[in-house]
**Q** 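Structure below; questions to follow.
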Amino acid sequence: MKFQVPKGVKEYLPPESAKFEMVRENLIAPARLANYQLMETAVFEDTALFTSGVGESTDVVSKEMYTFTDRADRSLTLRPEGTAGVMRAVIESGLDRGQLPVKVWYSGAFFRAERPQAGRYRQFYQVGVEAIGGDDPLIDVEVISLAVQAFKNLGLKDYEVQINSLGDKPSRDSHREALVKFLKEIDLDEATRERAKINPLRVLDDKRPEMIAALKNAPVILDYLTQDAKERYLAVKNGLTNLGMKYIENPKLVRGLDYYTHTTFEFVHHKLGAQSGIGGGGRYDGLMEKLGGQSLSGIGFGIGVDRVLLACEAEGIELSPATHLSLYLVPLGETARTFAIELLSNLRDQGIRCDMAYGERGLKGAMKSGDKSGAKYLVVVGEDEITSGQAEIKQMSDGVVASVRLTELADFLK
RNA sequence: GUGGGCGUAGCUCAGCUGGUAGAGCACUCGGUUGUGGUCCGAGAUGUCGCGGGUUCGAGCCCCGUCGCUCACCCCA
């Protein structure tokens, strides 16, 4: 039996894994600077959390969940998204009874049982933030700006920020009424008619050219916003403009999860294939209450680490690891090997990144591995060096050699 | 769930109208008993995805199957 990685799971192995690490760190950094704190929540949850939180009618819940039964016959599901779990944990722990807003970030694997494709995996990685318990439109601005800042730090350019407002309940209700009426008058295929019945809003999201044409004059929610919703949307847009952030209004932007209200946004990259959304999110007033908590609003985003990595590659962005090996030791003989491992341990104690040639290899072979390790310096340690305490340290880039006392190696490398 | 493309060495791939399996890179050792990268030499590695069929003979043709991949749907 030859085992292989489960279908649709993308693994990151060295040396490419260094790029993944870089991307993830860059996505997290702006959130840390803005006082968001880490939240590490359950990877699997009670299935009902997602069916009621994310919404029965969504594709995610209706056909993409990894659901299983445990030994006590509980129905559990591998998390397909991050917000519901975070909300559950906040309510459960009472974090929302302290100072507001609660600002948290998370990073980890999520699971959806879809047919794999470029940039779409069954196990994928997201970095997300949530700001819970604050109605200030400036929080919406902050959340969007965190993502934009992260993209900027990475050097991403060829993408756009799309925004829309889904309004509050009264806005949605009157728009829904108009939309249903509109949809009744045009020709729809079976699947779309079905979707229209469950959640007409999502019909607008159709990307097929003929549907886009048919929906050209469909009522858009922006025309049905209540005064209040309109003002709040305007405040968000003004906030973005004040920060010098470019965005494109997309009145048909409807996100795939049911809990969104008011501000919604999506980051779309231009050089990816069909899966061009590198992140997205929005406001979710009402979600917490629906999950059994108090009535607090919230807003957050999820950014796909896998897709941002692909986007960086598509733009030709160099993602080299920030730190590399500074010293490589080549021991000659058994005594030297024992000496070397001890020396390594001391150096690492002082924060030096170092490695050595293990095994009994010829000098040439050991030098070669030193070369490939990418270390900045190399030191050969044999009987002579151990007795004299003096060694030659070689700079690998140009072969220049200097003399150094072994006891002063750490200082030399710092 | 539906459709297209592709499965040959660790990796990237070649392999003619069917004739008995190859290159480059990487790896190990040596040329140089204590100094890498270049060069030269040597070595190791394959159930040609799997199963069946046609044939004297199949990596190549046919059928099935599994996997990967891209796209639809949808999303990170």
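Residue numbers begin at 1 in each chain, while the letters A, B, ... track the order of the sequences.
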**Q** Could you give the distance separating B:U35 and B:A44 at their P atoms, to the nearest angstrom?
**A** 30 Å
**Q** Side chains of A:Gln126 and A:Ser107 only: does a donor on one sit below 3.5 Å from an acceptor on the other?
**A** no
**Q** Name the residue closer to the 5' end of RNA chain B, choosing between A:Gly273 and A:Gly365 according to the nucleotide with the nearest heavy atom.
**A**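 Residue closer to the 5' terminus by nearest nucleotide: A:Gly365.
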**Q** Give each protein N/O atom lying under 3.5 Å from an N/O atom of nucleotides 2-7 of chain B, with the pair distance.
**A**
unit_1 : atom_1 : unit_2   : atom_2 : d
B:U2   : O4     : A:Arg115 : NH1    : 2.7
B:U2   : O4     : A:Arg115 : NH2    : 3.4

**Q** What is the distance from CZ of A:Arg112 to C1' of B:C73, rounded to the nearest Å?
**A**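 Going from A:Arg112 (CZ) to B:C73 (C1'), I get 14 Å.
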**Q** To the nearest Å, give me how far apart OH (A:Tyr328) and C1' (B:U35) are.
**A** 13 Å
**Q** Scan residues 32-50 of chain A against RNA chain B and write down, sorted by residue number, each residue with any heavy atom closer than 4.0 Å; if none is found, say none.
**A**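 Heavy-atom contacts with RNA chain B come from no residue of residues 32-50 of chain A; none.
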**Q** As a test of your reading of the structure, name each stem of RNA chain B as range with range, where a stem is three or more consecutive Watson-Crick or G-U pairs at under 3.5 Å.
**A** B:1-7 with B:66-72, B:10-13 with B:22-25, B:27-31 with B:39-43, B:49-53 with B:61-65
**Q** Can you tell me how far C1' of B:U69 sits from CG of A:Leu272, to the nearest Å?
**A**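 Spelled out: CG on A:Leu272 to C1' on B:U69 is 16 Å.
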**Q** Figure out the CE/P separation between A:Met65 and B:C75, and round it to whole Å.
**A**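 After rounding, the reported distance stands at 15 Å.
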**Q** Taking the side chain as every heavy atom from C-beta outward, state whether A:Arg283 and A:Thr264 have any pair of such atoms under 4.5 Å apart.
**A** no
**Q** Using atom C1' of each nucleotide, how far apart are B:G41 and B:G49 to the nearest Å?
**A** 36 Å
**Q** I'd like to know if A:Glu114 reaches the base of B:A76 with its side chain such that a donor and an acceptor end up less than 3.5 angstrom apart.
**A** yes
**Q** Under 3.5 Å, which donor-acceptor pairs link side chains of residues 7-34 of chain A to any protein atom two or more places apart or in another chain?
**A**
unit_1  : atom_1 : unit_2   : atom_2 : d
A:Tyr12 : OH     : A:Asp306 : OD1    : 2.6
A:Asn26 : ND2    : A:Met22  : O      : 2.9

**Q** Kindly write out the residues that satisfy ring-ring contact (aromatic ring centres under 6.0 Å, His included) with A:Tyr159, not counting sequence neighbours, or none if the list is empty.
**A** A:Phe151
**Q** Could you check how far CG of A:Leu332 sits from P of B:U35, rounded to whole Å?
**A**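 Going from A:Leu332 (CG) to B:U35 (P), I get 10 Å.
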**Q** Report the C-alpha separation of A:Glu114 and A:Arg120 in whole Å, then their side-chain angles, then the decisive distance to 0.1 Å, and conclude whether the salt bridge (charged side-chain N to carboxylate O under 4.0 Å, His left out) test is met.
**A** CA-CA 8 Å; A:Glu114 298 173 275; A:Arg120 189 176 74 186; 3.6 Å; yes
**Q** State whether the distance check finds a donor on one side and an acceptor on the other, under 3.5 Å, for side chain A:Arg120 versus base B:C74.
**A** yes
**Q** For the side chain of A:Glu392, starting at C-beta, report the closest nucleotide among B:A76, B:C70, B:U35.
**A**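 Given the options B:A76, B:C70, B:U35, the side chain of A:Glu392 is closest to B:U35.
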**Q** What integer number of Å spans the C1' atoms of B:U45 and B:C25?
**A**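 Comparing C1' positions in B:U45 and B:C25 gives a spacing of 14 Å.
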**Q** Hey, is the side chain of A:Gln275 poking within less than 4.0 Å of OP1 or OP2 on B:A76, counting only N and O atoms?
**A** no
**Q** For A:Tyr377, check ring-ring contact (aromatic ring centres under 6.0 Å, His included) against everything at least two apart and list the hits.
**A**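 Expected list: A:Phe412.
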**Q** For A:Asp173, enumerate each residue passing the side chain to side chain donor-acceptor pair (under 3.5 Å) test, keeping only those at least two apart in sequence or located in another chain.
**A**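 Per chain and number, A:Asp173 pairs via side chain to side chain donor-acceptor pair (under 3.5 Å) with A:Lys169.
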**Q** State whether the side chain of A:Arg307 and the backbone N or O of A:Gly277 hold a donor-acceptor pair below 3.5 Å, judged by distance alone.
**A** yes
**Q** If I pick the P atom on B:C39 and the same atom on B:A26, what distance separates them, to the nearest angstrom?
**A** 9 Å
**Q** For the P atoms, the ones on B:C61 and on B:A14, what distance do you get once it is rounded to whole angstrom?
**A**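 That atom pair is separated by 14 Å.
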**Q** Heavy atoms under 4.0 Å, any strand shown: does A:Ala274 hit a base, just sugar-phosphate, or nothing?
**A**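 Base contact - A:Ala274 has a heavy atom under 4.0 Å of at least one base atom.
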**Q** Over how many whole Å does the gap from A:Arg122 atom CZ to B:C68 atom C1' extend?
**A**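 Rounded to whole Å, this separation is 13 Å.
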**Q** When you check the phosphate oxygens OP1 and OP2 of B:A71, does a side-chain N or O of A:Gln117 lie under 4.0 Å from one of them?
**A** yes
**Q** In terms of heavy-atom contacts, does NZ of A:Lys414 have more than 12 from other residues, nucleotides or ligands at under 6.0 Å?
**A** yes
**Q** At under 4.0 Å between heavy atoms, what does A:Gly370 touch on the DNA or RNA strands: base, sugar-phosphate, or nothing?
**A** nothing
**Q** Whole angstrom is fine here: how far is it from NZ in A:Lys7 over to P in B:C66?
**A** 10 Å
**Q** Nearest to the A:Lys372 side chain among B:G34, B:C27, B:C68, which nucleotide is it?
**A** B:C27
**Q** Only distances under 3.5 Å count here; give the side-chain donor-acceptor pairs of residues 174-184 of chain A to other protein atoms, sequence neighbours excluded, each with its distance to 0.1 Å.
**A**
unit_1   : atom_1 : unit_2   : atom_2 : d
A:Ser174 : OG     : A:Pro170 : O      : 3.3
A:Ser174 : OG     : A:Ser171 : O      : 3.2
A:His175 : NE2    : A:Pro219 : O      : 2.8
A:His175 : NE2    : A:Ile221 : N      : 3.4

**Q** Under the ring-ring contact (aromatic ring centres under 6.0 Å, His included) rule, collect the residues that match up with A:Phe50, sequence neighbours excluded.
**A** none
**Q** Does A:Ser403 reach the side chain of A:Gln390, with side-chain heavy atoms less than 4.5 Å apart?
**A**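 Yes - at least one pair of side-chain heavy atoms lies under 4.5 Å apart.
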**Q** Distances under 3.5 Å between protein N/O atoms and the N/O atoms of nucleotides 36-41 of chain B, please, pair by pair.
**A**
unit_1 : atom_1 : unit_2   : atom_2 : d
B:G36  : N7     : A:Lys394 : NZ     : 2.7
B:G36  : O6     : A:Gly399 : N      : 3.3
B:G36  : N1     : A:Met396 : O      : 2.5
B:G36  : N2     : A:Asp371 : OD1    : 2.8
B:G36  : N2     : A:Met396 : O      : 3.0
B:G36  : N3     : A:Asp371 : OD1    : 3.3
B:G37  : O4'    : A:Asp371 : OD2    : 3.2
B:G37  : N2     : A:Ser397 : O      : 3.3

**Q** Are A:Ile317 and A:Leu319 packed together at the side-chain level, in the sense that at least one heavy-atom pair is separated by less than 4.5 angstrom?
**A** yes
**Q** Is the shortest side-chain heavy-atom distance between A:Pro251 and A:Leu222 below 4.5 Å?
**A**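 Heavy-atom side-chain distance check passes, below 4.5 Å.
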**Q** Tell me which one of A:Asp136, A:Asp168, A:Asp140, A:Asp285 satisfies salt bridge (charged side-chain N to carboxylate O under 4.0 Å, His left out) with A:Arg232.
**A**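 Passing option: A:Asp140.
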**Q** Got a sec? Which of residues 303-310 of chain A come in under 4.0 Å of RNA chain B, heavy atoms?
**A**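 The answer is A:Gly304, A:Arg307.
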**Q** Counting the atoms with a prime plus P, OP1 and OP2 as sugar-phosphate, which does A:Glu383 contact under 4.0 Å by heavy atoms, base, sugar-phosphate, or nothing?
**A**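 A:Glu383: base contact, heavy atoms under 4.0 Å.
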**Q** Categorize A:Phe110 for me: base, sugar-phosphate, or nothing, with a 4.0 angstrom heavy-atom threshold over every strand shown.
**A** nothing
**Q** Should the heavy atoms of other residues, nucleotides or ligands under 6.0 Å from OH of A:Tyr66 be counted, would the total exceed 12?
**A**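 Yes.
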**Q** If we take the C1' atom in both B:G53 and B:A58, what is their distance in whole Å?
**A**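 Those two atoms are separated by 11 Å.
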**Q** Would you tell me whether A:Glu130 and A:Tyr284 have side-chain atoms, one donor and one acceptor, within less than 3.5 Å of each other?
**A**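 Yes.
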**Q** Examine the base of B:C75 for any acceptor or donor lying under 3.5 Å from a partner atom in the side chain of A:Glu81, and report the outcome as yes or no.
**A**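 Donor-acceptor pair under 3.5 Å: no.
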**Q** Between B:A76 atom C1' and A:Arg79 atom CZ, what is the distance in whole Å?
**A**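 Nearest whole value for this atom pair: 13 Å.
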**Q** Got a sec, which residues hit side chain to side chain contact (heavy atoms under 4.5 Å, CB included) with A:Asn250, two or more places apart in sequence or on another chain?
**A**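 With neighbours one apart ignored, the set is A:Gln162, A:Lys252, A:Leu253.
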